[in-house]
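Computed from heavy atoms alone, side chains included, the values below leave out hydrogens, waters and symmetry copies.
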Amino acid sequence: MAMTAAVGLAACVHTPPRSAAEKPTSEKIPAFSGGVPGRLPAGWEPFKLLRTKKSTEYDLIAGPGHTVLHAKAVKSSSALLHPLNIDPNKTPWLKWSWKTAALIETADNFHRATDDSPTRIILAFDGDKSRLSALDQVMFDMAKLITGREAPYATLMYIWENKAAVGTVVPNTRTGRIQSVVVESGAAGVGQWRRYSRNIVDDYRKAFNEDPGRLIGIGVLTDTDNTGETVEAWYGDIQLVDRP
């Protein structure tokens with residue numbers, strides 16, 4: 001992932017406004033299953049990581065018994081986002097399902113030039129930004145300048161990796177404030193709906209060696225801008241609950 005792409009991703013799910021009158025945040029993740037096929041899901045906002053990148057296509061489609069989110073990336077990278085304002089300790093379990101039609105053949109999330117994934121869940125957390133390193137402070141300033149958004153204190157992603165073992169934490173090559181956890185690896189589950197239940201508090205602690213602040217945003221991202229490949233994926237409802 002190039003520096004500019006890392007900057008865009010850092011601001012992908014942004015810090016919500018502090019004024020209570022301005023807060024467009026919620027304590028619930030809008031369900032894809034309640035949406036109308038052919039449209040974007042209500043409450044989710046498209047976001048391009050960089051203006052020069054092609055956008056991934058997202059739309060709701062009729063799935064197996066309910067509506068699901070469909071994503072198609074053709075040399076593209078953009079996300080769908082929803083702002084939140086949640087204490088993750090109260091509902092630490094993230095549950096979701098996804099499916100991909102194929103792996104991204106040349107993807108390798110340990111190298112910035114091939115850092116693509118057919119499926120990603122993005123979580124943004126608040127925190128004390130005065131604790132950031134000087135390099136991260138510069139990157140966050142760049143993120144605001146380039147995207148017009150405040151970057152979150154920390155970003156945790158769940159990804160489908162080609163080779164790395166499930167549970168592996170993949171560091172971003174540009175900043176320690178973005179970490180990815182591998183929840184699916186290899187081709188065995190391709191073409192199947194895969195279901196997950198992850199404790200985001202435990203995963204945050206493992207990735208960042210500290211306790212998480214408030215959860216301020218969530219996103220989905222299917223991207224092939226680095227590898228130049230094409231991939232299709234589907235996302236089911238995403239929920240935060242208090243038990244696995």
side-chain contact (heavy atoms from CB on, under 4.5 Å) with I218: of I238, L80, I122, only one passes, and it is I238
Got S197 and W93 here, is their nearest side-chain heavy-atom distance under 4.5 Å?
yes
Is there a donor-acceptor contact under 3.5 Å from the side chain of Q137 to the main chain of K129?
yes
Would you call D211-R205 a salt bridge at under 4.0 Å N-O?
yes
Does CD in E105 sit with more than 12 non-hydrogen atoms of other residues, nucleotides or ligands closer than 6.0 Å?
no
Does N85 use its side chain to pair, donor to acceptor, with the backbone of L215 at less than 3.5 Å?
no
Take the angle between the ring planes of Y196 and W96 and call it parallel below 30°, perpendicular above 60°, tilted in between.
parallel
Donor-acceptor pair, distance only, cut-off 3.5 Å: does the side chain of S78 make one with the backbone of T56?
yes
Inter-residue atom distance L135.CG - F140.CZ, 0.5 Å rounding
10.5 Å
Lys/Arg N to Asp/Glu carboxylate O, R131 vs D128, below 4.0 Å
no
Can you find a heavy atom in the side chain of T168 that is under 4.5 Å from one in the side chain of E161?
no
Keeping T224 on the side-chain end and E229 on the backbone end, is there a donor-acceptor pair under 3.5 Å?
yes
Note: K53-D225 ion pair, threshold 4.0 Å (strictly below)
yes
Donor + acceptor pair across side chains of Y204, E210 (<3.5 Å):
yes
So, are E232 and K72 salt-bridged, with charged N and O less than 4.0 Å apart?
no
Expected output: side-chain N172 to main-chain R174 donor-acceptor under 3.5 Å
yes
Checking S117 side chain against W160 main chain: does a donor-acceptor pair fall under 3.5 Å?
yes
Treat each ILVMFWY residue as a node, draw an edge where side-chain heavy atoms are under 4.5 Å apart, and state whether W44 and I61 are in one component.
no
Indicate yes or no for a side-chain donor-acceptor contact from T230 to the backbone of V74 under 3.5 Å, with no hydrogens or angles considered.
no
Salt bridge D223-R120, side-chain N to carboxylate O under 4.0 Å:
yes
For the NZ atom on K163, are there more than 12 heavy atoms of other groups (residues, nucleotides or ligands in this structure) within a distance under 6.0 Å?
no
H70 side chain near Y58 side chain, heavy-atom distance below 4.5 Å
no
Any donor-acceptor N/O pair, D242 side chain to T91 backbone, under 3.5 Å
no
Could you tell me if the side chain of L94 sits less than 4.5 Å from the side chain of V241, heavy atoms only?
no
D59 side chain to L40 backbone, donor-acceptor under 3.5 Å:
no
Would R177 count as a cation-pi partner of Y153, with NZ or CZ less than 6.0 Å from the six-membered ring centre and within 45° of the ring normal?
yes
Under a plain distance cut-off of 3.5 Å, with no hydrogens placed, do T175 and D136 share a side-chain donor-acceptor pair?
yes
Is it the case that one hydrophobic cluster holds both I178 and V183, taking links as side-chain heavy atoms less than 4.5 Å apart, direct or via other members?
yes
